[in-house]
Amino acid sequence: MPAPFSTSLPSSGPALVAREAMPRHWAGAGQEVDARAATLCIATPMELVEAERQGVQGLYLKDLSRRLAVPTSRLYAILGVPKATAEKKATTGEAITGAPGHAAIGLTRLLGMAQAIVAESTAAEAEGFDTAHWLGQWIERPQPALGGRRPADLIGTPTGVDIVARLLGGLHSDAYQ
């Protein structure tokens, strides 16, 4: 089912406000998943480098899991973080860094991209569309453009996130990139 998407990213509106209000340590507790997604979607390369260096708080993975409606154990597997590690870091307030942290940032950026596309859409279906829930389901479905692989199977690497982002951007016109 194609979603009401357009590939243009916002140059104004909520995403721009999110960028202007972006805290230095965005990975800290307290900022909502949607705000992080909007911030990362429009972040500069240097801001992304800083976010990747900081990683994400362990508790954030639980918030992301709830927002995407993906079980936490499945999200941990998608991101490549052992459950025991994620749970410990969520309890102690530590950051998840390295490849799993980068994957969490990549998935959050995908959410921001999808939300920006829906926000810019003029389709009637875009009104009230639950982009996060849709994305959580979509990443689990095999995609012909990925040779039958699920986007979730690729999110664990930066190149995989880029491939999924190109596919996501092409969905609105059925033009797989």
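FYI, side chains are in, hydrogens and waters are out, and symmetry mates aren't considered; it's all heavy atoms of this structure.
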Between [X] and [Y], which heavy-atom pair has the shortest distance, and what is it?
{"X": "Arg150", "Y": "Pro142", "value": "CG-N, 3.6 Å"}
{"X": "Lys62", "Y": "Ala90", "value": "CE-CB, 4.1 Å"}
{"X": "Ala145", "Y": "Leu167", "value": "CB-CD1, 3.6 Å"}
{"X": "Glu140", "Y": "Ala152", "value": "OE1-CB, 4.0 Å"}
{"X": "Arg53", "Y": "Thr97", "value": "O-CG2, 4.1 Å"}

With side chains defined as the heavy atoms from C-beta onward, is the minimum distance between [X] and [Y] less than 4.5 Å?
{"X": "Leu68", "Y": "Leu107", "value": "yes"}
{"X": "Asp34", "Y": "Leu111", "value": "yes"}
{"X": "Arg109", "Y": "Val161", "value": "no"}
{"X": "Val118", "Y": "Gln115", "value": "no"}
{"X": "Val164", "Y": "Trp138", "value": "yes"}
{"X": "Arg67", "Y": "Asp130", "value": "yes"}
{"X": "Thr85", "Y": "Lys89", "value": "yes"}
{"X": "Val56", "Y": "Thr108", "value": "no"}

Starting at [atom1] of [X], measure out to [atom2] of [Y] and round the result to the nearest 0.5 Å.
{"X": "Leu48", "Y": "Ile42", "atom1": "CG", "atom2": "CD1", "value": "10.5 Å"}
{"X": "Asp162", "Y": "Leu154", "atom1": "CG", "atom2": "CG", "value": "11.0 Å"}
{"X": "Leu75", "Y": "Leu79", "atom1": "CG", "atom2": "CG", "value": "4.5 Å"}
{"X": "Leu168", "Y": "Leu110", "atom1": "CG", "atom2": "CG", "value": "6.5 Å"}
{"X": "Ile78", "Y": "Leu64", "atom1": "CD1", "atom2": "CG", "value": "9.0 Å"}

Neighbour count >12 (heavy atoms, 6.0 Å) for atom CZ, Arg149: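 For Arg149, atom CZ is not crowded (no more than 12 foreign heavy atoms under 6.0 Å).
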
Check: Leu61 main-chain N/O paired with Ser65 side-chain donor or acceptor under 3.5 Å: no

